[in-house]
Amino acid sequence: MSDGHTMSGSHTSDSAEDTGPIRPTHPVRPIGADPALLRIGNASGFYGDRFDALREMLTGGPLDVLTGDYLAELTMLILGRDRLKDPTRGYARTFLRQLEDGLGLAVERGVRIVTNAGGLNPAGLADAVRELADKAGVPVRVAHVEGDDLLARGGWGEGVLTANAYLGGGGIAACLRAGADVVVTGRVTDAALVSGAAQAHFGWRPEDLDQLAGAVVAGHVLECGAQATGGNYSFFEGHDLLRPGFPLAEIAADGSSVITKHPGTGGAVTTGTVTAQLLYETAGARYAGPDVTARLDTVRLTEEAPDRVRIDGVRGEAPPPTLKTGLTRLSGWRNEVTFVLTGLDVAAKAALVRRQMEAALDAAEHRPAEVCWTLARTDHDDADVQEEASALLRLVVRDPDPDAVGRVVSGAAVELALASYPGFHVTAPPGKGTPYGVFEAVAVDAAGVPHVAVLSDGTRISSQHALSTQELVRLPDPPLPEPLPAGATRRGPLGRVAGARSGDKGGSANVGVWARTDRAWRWLAHELTVERFRQLLPETAELPVDRHVLPNLRALNFVVDGLLGEGVAAQARFDPQAKAVGEWLRSRHMDIPEVLW
């Protein structure tokens, strides 16, 4: 669910040459039945998403292509550890189990499957799919895309476990044009699963930037599965979210699309749910990728009918000359203990156990390099329920040496059970330390990264990188709308008038905030400044915060650098992926004009 923004660097226009002709072993067939429209669905937004979504999408209505996104920053670290244990692994094995039931259905219905479940070993997963197909007696052509794995290059620094460039959709398009039924990739951008299929179907060229940008935007909406159909949506009440359906896009030859879902499935597709997903894990108006930079400030959303939202007007620009490359490394060991403080004198109880634990850590042969305490005052006075009378004191320790965070911490906590504050207990028994990792993004010259489609007969085709590139530069903010006239206000939560969606990008977090009406936008654009944002979220007060204005979406997008430390794998924060920062912001009280209530 982590998208593939590229990073700017020195200009280059070199591109790879084809290493051989396309020689499919079977006649090439169209991707979809309608040359003017391509129906692309999604069946996975992350490694661990709803298992039966693949079958549901194949049987719920017409589709031409079904995609599955299994990769994120944390997932690459997990797959890297898998590969250390067994070099034949490194891919999302859940996908294989889904295909046991779904491969025959896909072939029967003429649906092509495109997935990044190949992770660090797309060739290995492609072979496993062929083996599965042979056992099931299902004739399929399986191709894969490789070139993203740059670990063997070296020079990445100490302890790097994975190094993968975010590729575009060219390799996927080559596989599909050659007749592949299943395309397996490694680290491509999440949106490339959709844009690559659209490239193949419509025959777009690298210079068809507006069309490519439209498909990238559609791909970004689909990539996180049910987040586009009401999942994680601020205004969730009133929607049937018991089992939300997964989204699909009807893409036209000009790059415009309609976001919808299969009939009868739960959830909802509205301009609000689509806006929320457009803001997720993005930053400014320029949304850069390997094939095109999509201009989010040109996106137009129109609710055509229930559960049908049209996206059009998207403009594209040349992509940056560099590719984002994600590095993961095992950084050390961590341990955690959460003490429960109940009833009276919470602050004094917290101070006591903290002094006791600090004394034990000081007396250890090797004190942990990092010791972090946080007190969450979840307690209420005169509570009817014991849990509501309790606060949580969290201790997190980190160190390169596992011995420094193991028995030293857990033993000290256990020994306090009968010798500390009244009512002492912890949320879970403390144990050994566990390894943690960090994610880092670096820019590499795109021309130096191979991008190869490997067809079902072994033919290898090198995909061209962008022939024209453009340095990625922040756009100046557009003029703000006319402010609302001065009038009476009422104190209340920001969420009364605005939605939000937040997420992680390495150590940074983004918080997209949008207004539901034009009047609310006129107020929000002027009121929710960077200064006010920092006041409402004091954890961001000392951090760099950048605000981007997107009038077409009636939205502001805030990027907070450093809020997540070294990223989700390091778990430096209570909410390590910033999933709920937007809802925290919505809960904060402001003076809101009465005309908006």
Side-chain angles (χ1 to χ4, degrees), residues 331-434 436 507 509 534-543 560 562-566 570-578 580-581 583-585 587-589:
S331 189
W333 296 77
R334 73 185 297 279
N335 205 346
E336 178 177 330
V337 184
T338 301
F339 302 91
V340 182
L341 315 171
T342 303
L344 304 177
D345 307 317
V346 166
K349 290 171 180 174
L352 171 59
V353 74
R354 182 167 177 171
R355 288 198 307 271
Q356 290 174 315
M357 286 297 297
E358 288 284 355
L361 297 179
D362 288 340
E365 182 178 346
H366 183 173
R367 178 184 169 88
E370 295 180 45
V371 178
C372 179
W373 293 91
T374 55
L375 175 61
R377 294 302 302 263
T378 53
D379 53 305
H380 301 281
D381 289 338
D382 195 22
D384 291 331
V385 178
Q386 180 176 332
E387 190 171 355
E388 294 177 357
S390 301
L392 301 176
L393 177 65
R394 182 172 178 244
L395 167 64
V396 177
V397 296
R398 294 183 180 82
D399 197 275
D401 183 354
D403 292 337
V405 301
R407 176 66 184 171
V408 169
V409 177
S410 60
V414 169
E415 289 169 3
L416 291 177
L418 305 180
S420 189
Y421 61 87
F424 180 101
H425 66 287
V426 294
T427 56
K432 299 178 181 178
T434 57
Y436 74 93
R534 287 191 171 117
Q535 291 169 7
L536 295 172
L537 305 185
E539 288 184 40
T540 71
E542 304 301 322
L543 298 173
V560 186
L563 182 66
L564 306 179
E566 294 178 295
Q571 297 189 41
R573 191 175 177 275
F574 167 68
D575 176 14
Q577 290 181 282
V581 174
E583 288 302 297
W584 176 29
L585 178 65
S587 74
R588 299 291 282 163
H589 284 218

Which atom pair, heavy atoms only, marks the closest approach of [X] to [Y]?
X	Y	value
Val581	Leu563	CG2-CD2, 4.2 Å
Leu352	Ser420	CD2-C, 3.9 Å
Tyr421	Val340	OH-O, 2.7 Å
Ala391	Val346	CB-CG1, 3.8 Å
Trp584	Pro538	CZ2-CD, 4.0 Å

**Request:** Please assess Gln577 against Leu564 for the test side-chain contact (heavy atoms from CB on, under 4.5 Å), listing each intermediate value before the final yes or no.
**Result:** CA-CA 7 Å; Gln577 290 181 282; Leu564 306 179; 5.7 Å; no
**Request:** Pick out which of Asp401, Leu361, Val396 makes a side-chain contact (heavy atoms from CB on, under 4.5 Å) with Pro368.
**Result:**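 Only match with Pro368 under side-chain contact (heavy atoms from CB on, under 4.5 Å): Leu361.
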Separation between [atom1] of [X] and [atom2] of [Y], rounded to the nearest 0.5 Å:
X	Y	atom1	atom2	result
Phe339	Leu392	CZ	CG	12.0 Å
Trp373	Met357	CH2	CE	5.5 Å
Leu375	Lys349	CG	NZ	12.0 Å
Thr374	Leu395	OG1	CG	9.0 Å

**Prompt:** Pairs in or reaching into residues 381-393: which pass salt bridge (charged side-chain N to carboxylate O under 4.0 Å, His left out), with residues at least two apart or in two chains?
**Reply:**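 Residue pairs passing salt bridge (charged side-chain N to carboxylate O under 4.0 Å, His left out), neighbours aside: none found.
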**Message:** Under a plain distance cut-off of 3.5 Å, with no hydrogens placed, do Asp399 and His366 share a side-chain donor-acceptor pair?
**Reply:**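 Judged by distance alone, the side chains do pair up.
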Main-chain N/O of [Y] paired with [X] side-chain donor or acceptor, under 3.5 Å:
X	Y	value
Lys432	Asn335	no
His425	Gly423	yes
Ser390	Thr378	no
Arg588	Leu536	yes

**Prompt:** Regarding Arg398 and the six-membered ring of Tyr436, is the cationic atom NZ or CZ under 6.0 Å from the ring centre and inside 45° of its axis?
**Reply:**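 Flagged: Arg398 positioned over aromatic ring of Tyr436.
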**Asked** With sequence neighbours left out, what residues match Arg377 under salt bridge (Lys or Arg N to Asp or Glu O under 4.0 Å)?
**Response**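 Asp379.
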**Asked** Does Glu358 reach the side chain of Val371, with side-chain heavy atoms less than 4.5 Å apart?
**Response**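 Sidechains of Val371 and Glu358: in contact.
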Tabulate below the donor-acceptor pairs under 3.5 Å that side-chain atoms of residues 404-415 make, not counting sequence neighbours, or state none.
unit_1 : atom_1 : unit_2 : atom_2 : d
Ser410 : OG     : Gly406 : O      : 3.2

